Amino acid sequence: MKIIDELSEIILLIDRNYFLNAHNITEDLWRKYKNDKETRDESFILKAFVNAFAFFELYKMQRYEHANTIWKLFKKYEYLIDDLDSINKIEYKKIQELIYKKRDEI
(Lines give C-alpha, C1' and ligand atoms only; values in the text may rest on other atoms or scores of the structure.)
Protein backbone atom coordinates (compact mmCIF):
# COMPACT_ATOMS: atom_id res chain seq x y z
CA MET A 1 0.00 0.00 0.00
CA LYS A 2 1.37 3.39 -0.92
CA ILE A 3 0.60 6.06 1.65
CA ILE A 4 2.95 8.81 0.53
CA ASP A 5 0.36 11.59 0.86
CA GLU A 6 -0.43 10.68 4.45
CA LEU A 7 3.25 10.30 5.33
CA SER A 8 4.05 13.68 3.74
CA GLU A 9 1.34 15.26 5.88
CA ILE A 10 2.76 13.56 8.97
CA ILE A 11 6.22 14.97 8.15
CA LEU A 12 4.77 18.49 7.97
CA LEU A 13 2.92 18.02 11.25
CA ILE A 14 6.01 16.78 13.07
CA ASP A 15 8.07 19.63 11.69
CA ARG A 16 5.52 22.01 13.21
CA ASN A 17 5.37 20.09 16.53
CA TYR A 18 1.78 18.92 15.98
CA PHE A 19 2.49 15.52 17.46
CA LEU A 20 -1.09 14.73 18.48
CA ASN A 21 -2.32 15.28 14.92
CA ALA A 22 0.54 13.17 13.56
CA HIS A 23 -0.32 10.50 16.13
CA ASN A 24 -3.95 10.37 15.05
CA ILE A 25 -3.19 10.04 11.34
CA THR A 26 -0.51 7.44 11.98
CA GLU A 27 -2.79 5.45 14.26
CA ASP A 28 -5.44 5.30 11.51
CA LEU A 29 -2.83 4.05 9.05
CA TRP A 30 -1.56 1.51 11.57
CA ARG A 31 -5.08 0.09 12.02
CA LYS A 32 -5.43 -0.39 8.24
CA TYR A 33 -1.98 -1.94 7.87
CA LYS A 34 -2.22 -4.34 10.83
CA ASN A 35 -5.40 -5.92 9.48
CA ASP A 36 -3.97 -6.63 6.02
CA LYS A 37 -1.87 -9.78 5.68
CA GLU A 38 0.40 -8.12 3.10
CA THR A 39 1.19 -5.08 5.26
CA ARG A 40 1.08 -6.62 8.74
CA ASP A 41 4.87 -6.56 9.21
CA GLU A 42 5.06 -2.96 8.01
CA SER A 43 2.32 -1.99 10.47
CA PHE A 44 4.90 -2.27 13.25
CA ILE A 45 6.79 0.69 11.78
CA LEU A 46 3.62 2.74 12.01
CA LYS A 47 3.10 1.45 15.55
CA ALA A 48 6.60 2.66 16.40
CA PHE A 49 5.72 6.13 15.10
CA VAL A 50 2.45 6.19 17.05
CA ASN A 51 4.49 5.56 20.18
CA ALA A 52 7.09 8.19 19.31
CA PHE A 53 4.40 10.83 18.86
CA ALA A 54 2.78 9.78 22.16
CA PHE A 55 6.21 10.21 23.78
CA PHE A 56 6.27 13.89 22.77
CA GLU A 57 2.76 14.52 24.07
CA LEU A 58 3.50 12.81 27.39
CA TYR A 59 6.74 14.74 27.68
CA LYS A 60 4.87 18.02 27.15
CA MET A 61 2.56 17.03 30.00
CA GLN A 62 5.66 16.39 32.14
CA ARG A 63 4.77 12.71 32.46
CA TYR A 64 8.39 11.73 32.03
CA GLU A 65 8.19 8.17 33.36
CA HIS A 66 5.33 7.28 30.99
CA ALA A 67 7.08 9.10 28.16
CA ASN A 68 10.22 7.02 28.65
CA THR A 69 8.18 3.80 28.70
CA ILE A 70 6.53 4.77 25.41
CA TRP A 71 9.92 5.70 23.93
CA LYS A 72 11.10 2.14 24.57
CA LEU A 73 8.17 0.87 22.48
CA PHE A 74 9.26 3.13 19.63
CA LYS A 75 12.79 1.73 19.91
CA LYS A 76 11.46 -1.84 19.95
CA TYR A 77 10.14 -1.59 16.38
CA GLU A 78 12.35 1.13 14.91
CA TYR A 79 14.80 -1.37 13.37
CA LEU A 80 12.11 -2.44 10.91
CA ILE A 81 12.54 0.84 9.03
CA ASP A 82 15.88 -0.46 7.78
CA ASP A 83 15.01 -4.17 7.68
CA LEU A 84 11.77 -4.17 5.71
CA ASP A 85 11.53 -3.50 2.01
CA SER A 86 8.79 -0.91 1.51
CA ILE A 87 7.76 1.62 -1.12
CA ASN A 88 7.32 4.00 1.83
CA LYS A 89 10.88 3.61 3.12
CA ILE A 90 12.08 7.09 2.11
CA GLU A 91 9.25 8.75 4.02
CA TYR A 92 9.76 6.43 6.99
CA LYS A 93 13.41 7.48 7.14
CA LYS A 94 12.44 11.16 6.99
CA ILE A 95 10.00 10.67 9.87
CA GLN A 96 12.62 8.78 11.87
CA GLU A 97 15.16 11.59 11.36
CA LEU A 98 12.62 14.22 12.41
CA ILE A 99 11.71 12.26 15.53
CA TYR A 100 15.34 12.27 16.64
CA LYS A 101 15.77 15.92 15.71
CA LYS A 102 12.73 16.86 17.79
CA ARG A 103 13.84 14.67 20.68
CA ASP A 104 17.23 16.41 20.70
CA GLU A 105 15.41 19.76 20.93
CA ILE A 106 13.69 18.82 24.18
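Because the structure is a prediction, the values reported are computed rather than measured.
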Quiz item: At what distance, to the nearest 0.5 angstrom, does CD of Gln96 lie from CD1 of Ile45?
Solution: 9.5 Å
Quiz prompt | Linked, directly or transitively: Tyr79 and Trp71 (ILVMFWY side chains, under 4.5 Å) | solution = yes
Exercise. Assess whether atom CD of Glu38 is packed by more than 12 heavy atoms of other residues, nucleotides or ligands within 6.0 Å.
Key: no
Quiz item: When rounded to the nearest 0.5 angstrom, what distance separates CG in Asn68 from CG in Leu58?
Solution: 10.0 Å
Self-check item: Hydrophobic cluster membership, Leu12 vs Leu7, 4.5 Å side-chain cutoff
Solution: no
Exercise. Specify the closest pair of heavy atoms between Asn17 and Lys102, including all atoms of both residues, with the distance to one decimal.
Key: OD1-NZ, 3.1 Å
Practice problem: Inspect the contact between Lys94 and Glu97 and indicate whether a charged nitrogen and a carboxylate oxygen are less than 4.0 angstrom apart. | Solution: no
Quiz prompt | Residues Glu78 and Tyr92: side-chain donor-acceptor under 3.5 angstrom | solution = no
Quiz item: Among Asn21, Ile14, Leu13, which residue meets the side chain to side chain contact (heavy atoms under 4.5 Å, CB included) test with Phe53?
Solution: Ile14
Exercise. For residues Glu42 and Ser86, report the shortest heavy-atom separation together with the two atoms involved.
Key: OE2-OG, 2.7 Å
Quiz item: Is there a path from Phe19 to Tyr100 through hydrophobic residues (I, L, V, M, F, W, Y) whose side chains come within less than 4.5 Å of each other?
Solution: yes
Quiz prompt | Side chain Lys89, main chain Leu84, donor-acceptor under 3.5 Å | solution = yes
Quiz item: Is there a side-chain contact between Ile10 and Glu91, using heavy atoms and a 4.5 Å cut-off?
Solution: no
Exercise. State the CD1-NZ distance between Ile99 and Lys101, to the nearest 0.5 angstrom.
Key: 13.0 Å
Quiz item: Is there a donor-acceptor contact under 3.5 Å from the side chain of Glu57 to the main chain of Leu20?
Solution: yes
Exercise. Kindly determine whether Phe55 and Arg103 satisfy side chain to side chain contact (heavy atoms under 4.5 Å, CB included), including the steps that lead there.
Key: CA-CA 9 Å; Phe55 161 83; Arg103 189 163 194 257; 3.4 Å; yes
Quiz item: Honestly curious: do Ile81 and Ile90 fall in one hydrophobic cluster under the side-chain, below-4.5 Å linking rule?
Solution: no
Quiz item: With no hydrogens and no angle check, is any side-chain donor or acceptor of Asp15 less than 3.5 Å from a backbone partner on Ile11?
Solution: no
Exercise. Return yes if some donor-acceptor pair links the side-chain N/O of Asp36 with the main-chain N/O of Lys32 below 3.5 Å, else return no.
Key: no
Self-check item: Phe74 versus Ala48, closest heavy-atom pair with distance
Solution: CD1-O, 3.2 Å
Practice problem: Verify whether the ring centers belonging to Tyr33 and Trp30 lie closer than 6.0 Å. | Solution: no
Quiz item: Is atom CG of Asp85 surrounded by more than 12 heavy atoms (other residues, nucleotides or ligands) closer than 6.0 Å?
Solution: no
Quiz item: Atom CG of Asp28 and atom CD of Glu6: how far apart are they, to the nearest 0.5 Å?
Solution: 9.5 Å
Self-check item: Tyr59 and Tyr64 aromatic centres sub-6.0 Å
Solution: yes
Self-check item: Inter-residue atom distance Thr26.OG1 - Glu9.CD, 0.5 Å rounding
Solution: 9.5 Å
Self-check item: Exceeds 12 heavy-atom contacts within 6.0 angstrom, atom NZ of Lys76
Solution: no
Quiz item: Hey, mind stepping through Lys47 and Asn51 against side chain to side chain contact (heavy atoms under 4.5 Å, CB included) and telling me if it holds?
Solution: CA-CA 6 Å; Lys47 183 176 186 175; Asn51 287 306; 3.9 Å; yes
